[in-house]
Amino acid sequence: MTASSIASSSLNAATCVDVAEAAKRMIFRVRDYDLAATLTSGQAFRWQHRAGWWEGVIGARWLRLRSETDSFVAETAEPATDWRWLADYLQVDLNLGNVLATFPDDEPMRAAVDACRGLRLLRQDPWECLASFICSSTKRIVQIQEIVGLLCERLGEPVLVPHNHERAFSFPAPEHIAAASESELRACKTGFRAPNLRNAARMVADGEVNLARVTELPVLDARSELMRLPGVGRKIADCVLLFACGFQDAFPVDVWVMKALRRLYFSHRRASLKRLQKFAAGYFGPYAGYAQQYLFHYARVHAKLKK
DNA sequence: TACCAGGAGAGCG
DNA sequence: CGCTCTCATGGT
């Protein structure tokens with residue numbers, strides 16, 4: 001073998017490696033995207049900040065994300081030929097300026113937008129979103145993260161991770177949660193939500209509630225369909241509609257948003273939940289869910305500052 | 001030790 | 001319908 005052929009073959013080998021590595025990496029050009037705020041704003045519960053990256057699992061794929069100026073970098077564990085799954089999850093094609101322009105032009109809304117510029121909504125898997133929010137009641141975000149982490153670790157499937165990296169798991173399918181015993185689910189710290197989670201999983205696994213079809217329904221029908229599931233009331237249904245089913249006018253009202261609405265728009269009067277929901281449905285426009293996310297995040301940041 | 005949180009769902013007018 | 005009360009359980 002000549003020197004040149006050795007050089008040539010090693011060059012080819014190196015090129016192959018580079019091609020394989022390049023296929024695990026993608027740069028998304030996007031402006032006005034605050035990755036940290038978005039991934040920690042209480043809509044998704046599996047993202048962890050490690051060594052300058054945000055690590056998570058989407059479907060059966062491990063990945064990590066890092067922000068740069070007007071873009072972010074994504075890396076996966078196995079080569080990808082098509083990155084639409086990620087572009088869709090992160091909603092990178094959405095023009096945030098157009099969304100913000102639909103918000104009511106009032107002082108509270110301006111303050112909320114100024115405080116959380118770049119905050120976005122994700123487009124998550126409906127089942128993972130639903131199951132996570134069934135576990136969310138009476139829990140803080142850190143506790144929900146712990147529950148979801150345990151469910152994945154014990155009932156999910158291992159996913160491919162980079163060499164020498166800590167193991168990672170997919171979110172367990174409805175059948176897997178339905179097949180788990182109540183005590184197994186309680187061991188994941190789900191507490192009194194365990195029977196609800198298990199029965200909801202069974203209904204989804206049996207096709208009694210078809211989550212793919214929910215996305216196609218008119219919003220009111222979609223909401224009632226979700227509310228047939230045990231442990232799913234108005235608030236959790238609205239979270240799933242907004243964070244996973246693409247209904248960007250869904251407006252989940254939790255205690256934070258309730259406090260914010262009362263303080264900002266009702267001068268502290270004790271407006272009822274129903275009244276606030278009706279107000280929100282008419283006032284915040286076609287992207288009311290986005291407005292809600294800004295108010296929610298603003299209220300939380302505000303509460304932290306006061307502490 | 002008590003009390004609180006943050007939702008769902010039952011009961012009631 | 002809309003409002004009020006109860007439940008369940010880890011954390012302060």
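As the structure is a computational prediction, the values presented were derived from the model and not from experiment. Proteins get letters first, then strands, A, B, ... in listed order; numbering begins at 1 in each. Computation of the quantities below employed the complete heavy-atom set of this structure, encompassing side-chain atoms and omitting hydrogens, waters and symmetry-equivalent molecules.
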Q: Identify whether any heavy atom of A/K139 sits under 4.0 Å from a base atom; if not, whether one sits that close to sugar-phosphate; answer base, sugar-phosphate or nothing.
A: sugar-phosphate
Q) Which one, C/dC3, C/dT9, B/dG6, comes nearest to the side chain of A/S272? A) C/dC3
**Q.** Which nucleotide in C/dG11, B/dG6, C/dG2 has an atom nearest any side-chain atom of A/Q143
**A.** C/dG11
Q: Measure from CD1 on A/I147 to C1' on B/dA5 and round the result to the nearest Å.
A: 14 Å
(Q) I'd like to know if A/R110 pairs up with A/D105 as an ion pair, taking the criterion as any Lys NZ or Arg NE/NH1/NH2 lying under 4.0 Å from an Asp or Glu carboxylate oxygen. (A) yes
Q) Hey, is the side chain of A/K278 poking within less than 4.0 Å of OP1 or OP2 on C/dG2, counting only N and O atoms? A) yes
Q: Just compare B/dA5, B/dA8, C/dG10 and give me whichever is closest to any side-chain atom of A/T138.
A: B/dA5
Q: Answer yes when A/R186 and A/E182 have at least one side-chain N-carboxylate O distance shorter than 4.0 Å, and no when they do not.
A: yes
Q.
Whole angstroms only, please: what is the CG-C1' distance between A/L229 and B/dA8?
A. 13 Å
(Q) Students often get this wrong, so: under 4.0 angstrom with heavy atoms, is A/R186 touching a base, only sugar-phosphate, or nothing? (A) sugar-phosphate
Q) Between A/R50 and A/E166, does at least one N-O distance fall below 4.0 Å, as a salt bridge requires? A) yes
Q: Return the nearest nucleotide to the side chain of A/D254; candidates are B/dG7, B/dA5, C/dG2.
A: B/dG7
(Q) By the 4.0 Å heavy-atom rule, please label A/L273 as base, sugar-phosphate, or nothing. (A) nothing
Q) Rounding to a whole Å, what distance do you find between A/R234:CZ and C/dG2:C1'? A) 13 Å
Q. Can you tell me how far C1' of B/dA8 sits from CZ of A/F133, to the nearest Å?
A. 15 Å
Q | Minimum-distance nucleotide (side-chain atoms of A/W256 versus B/dG6, C/dG10, B/dG7) | A | B/dG6
(Q) Could you check whether A/K24 pairs with A/E75 (Lys NZ or Arg NE/NH1/NH2 to Asp/Glu carboxylate O, under 4.0 Å)? (A) no
Q) Could you give the CG-to-C1' distance, from A/L185 to C/dA8, as a whole number of Å? A) 16 Å
**Q.** Nearest listed nucleotide, side chain of A/F192, among B/dG6, C/dA8, C/dG2
**A.** C/dA8
**Q.** A/E146 CD - C/dG10 P separation (whole Å)
**A.** 11 Å
Q.
So that I can tick it off, tell me whether A/E184 and A/R154 are bridged by a salt bridge, with the cut-off set at under 4.0 angstrom between side-chain N and carboxylate O.
A. no
Q | Nucleotide B/dG9, atom P - distance to NZ of A/K274 in whole Å | A | 13 Å
Q) What is the distance, rounded to the nearest whole Å, between atom CZ of A/F296 and atom C1' of B/dG6? A) 11 Å
